[in-house]
Structures are given as structure tokens and as C-alpha cells.
There are 2 protein chains.
Amino acid sequence: MSSSAEKHDVFQAIADPTRRKILRLLAEKELPISEITSHFSISRTAIAKHLHILSEAELVRGRKAGREKLYRLQPEPLTELKRWLSFYERFWNNKLSKLKHVVEHNGEVEIKVIETDVEERDP
Amino acid sequence: MSSSAEKHDVFQAIADPTRRKILRLLAEKELPISEITSHFSISRTAIAKHLHILSEAELVRGRKAGREKLYRLQPEPLTELKRWLSFYERFWNNKLSKLKHVVEHNGEVEIKVIETDVEERDP
DNA sequence: TAAATATAAAACCATTTGGTTTCATTTCGA
DNA sequence: TCGAAATGAAACCAAATGGTTTTATATTTA
């Protein structure tokens, strides 16, 4: 039984700036809670809660090592975010598809004619 | 003064599933609030609030047309999300960089030897 | 012009969120 | 073995979130 009723999904998990910063830290290396906490000005308990939320979203995984609990990044769920994003990419990826979108959806279009010296064909 | 103290950023804006669904609807075409509402089972007022939040994040833009207010998608802020995501892509993009990451960060690695018939070189 | 449509704005409410403090438990090390 | 270190867990709290209902305003349209 891998992954099921996750209370927090990846979208919610990354909504909080503190959690994004935690992910960024863990991207560098596996870290114990106390050391993660040292990078913030909030309590260790608060950080632990953020780690729980990240765990639920499976963006992070903790293992106990002695009296420490070491967390490391698990980036796989971010692929879901990427898939979601990819749908919208066509709207900004190139000017042509953006123009198409705008025209089709009643947007306003400004046409700017750029004058160029064109050599005449078959004079 | 374009964009500044946005109370809601793109990360927060897309955290809510209702708002994601609204974005998806507006990706198809510009729509008035009432029609957006018809796709949900919550009140028009609630939808209007979601639209305000999406507006703050500049993911959506409304214009008044008669007694209607038409909203359309503005996907540009999603590029910020994409930039954020791109940082993490190296962690899952190819097996080699993932292996590198896991090894460097004290993860466990399972080595699976796949036997292959190899023709001997220079026999 | 009066009724119907579409939205806006305000007041209110329950739950969630992001934080705190306090107390207990486990583990390391001198 | 005893104290310090690291975490876990619980109780609590203020503010934000995601809803609702009610009232008001503007715009069509019959």
C-alpha cells in the first residue's frame, strides 16, 4: 500500500514559504530537525510540524539515527506538479500559441508592424 | 506600479483545488462569474472570493462587460512556479543524477546486476 | 418603468493553519 | 549513572481560510 489518503497534497505542501525553504535545505543534504531549525527564527516544534506536512505529501522522508531524526528530500511528488504545469505551458511558451489563445478568447491584441528593408523578389 | 505587495502569491493561489479547477475552466475560454459558478456546488459569492485571490496572484484578470464580469486566464505567473520546479528537476530527471544525489546524501542504494550476453572483444 | 439578472459588499461562522509553551521520553557521553 | 541533547506529544491560541446569508447596486429587457 504505497500512498493513499494523504491529508496534504503537494500543492498545499509547497504553498508555505517556510516549507519551501525546508525543501531547499534538504536538497543540499540530509539534516536533523535541530539543524533545520537553526536556519529559522521559529521554534523547533513548528519546524517539526512543517516536516510532518511535508512527510504526508511524501516530499520528505525521515529516519531515526540515534537520538536524531534525519530528514531527506523525496522529490518524486513534484512530478505531479510538473504535469499540472505542463498543461498551461502552451499559454506562454511561444508567442504564436499565446496570440492564438488571446485571439480565440476575446482578448485585445496589439499589432505592431516592424518595418524592414526587403529585397524584392524577381524584379 | 505593476505588481508589488501581493497578499497571495502563485503558490498559495494554486493550493486550493477549487481554484485550480477555475483556472482549468478559464483556460478554455473567458467566462462570467455566474457561468463559472455553475460548474461548482458552492455559492457564487465563494467563487467570487476565489477569483479575487486568483486576481491578486495575477493568474486571472476580470473585465466588466455590461452587467457581467468576465474573467480570463493570465498564465504568466506560472513561470515563477516553473522556475521553482526546475531547480528540483535534476533530482528525478535521470537515474544517474538521482543515484548521485542518493549516494551523496547517505541514502540506501540497491544495486541490481542485470546479466547480459556480451560478446567478447578481441578474442 | 418595473422586474429580472449579475455582481458587489458586508457580516458572520466553523475549521484549519501556523505558531507557542509545557511536559515526557529516548539516547548519548562524561 | 546522571545530566544534557534531541525529539515527541499535548494543550492552547490568534489569525487566516473557505464557506454562508443578507442587503445593496447596476444593467438589461419586457
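Within every chain, numbering begins at 1; the chains are lettered A, B, ... in the order of the sequence lines, protein sequences first and strands thereafter.
Summarising the geometry, the separation between CG on A:L51 and C1' on C:dG19 is reported as 15 Å, rounded to the nearest angstrom. Atom NZ in A:K64 sits roughly 14 Å away from atom P in C:dT25 (whole-Å rounding). Between the NZ atom of A:K21 and the C1' atom of C:dG18 there is a distance of 16 Å, given to the nearest Å.
Within the structure, ring pair (Phe, Tyr, Trp, His ring centres under 6.0 Å) contacts touching residues 10-55 of chain B (residues at least two apart or in different chains) are B:F11-B:W84. The salt bridge (Lys or Arg N to Asp or Glu O under 4.0 Å) contacts involving residues 18-27 of chain A comprise A:R20-B:D9, A:R24-A:E28, where partners must be two or more places apart or lie in separate chains.
Partners of B:S34 under the side chain to side chain contact (heavy atoms under 4.5 Å, CB included) rule, at least two apart in sequence or in another chain, are B:P32. In this structure, the side chain to side chain contact (heavy atoms under 4.5 Å, CB included) partners of B:S38, at least two apart in sequence or on a different chain, are B:E35.
DNA chain D is contacted by A:R44, A:T45, A:K49 of residues 36-49 of chain A, taking any non-hydrogen atom closer than 4.0 Å.
A close approach under 4.0 Å does occur between a side-chain nitrogen or oxygen of A:H8 and OP1 or OP2 of C:dT17. Taking side-chain N and O atoms only, A:R19 has a distance below 4.0 Å to OP1 or OP2 of C:dG18.
Within 4.0 Å (heavy atoms only), B:E35 reaches no atom of the nucleic acid at all.
The span of DNA chain D lying next to chain B, judged by atoms under 4.0 Å from heavy atoms, is bounded 5' to 3' by D:dT17 to D:dT28.
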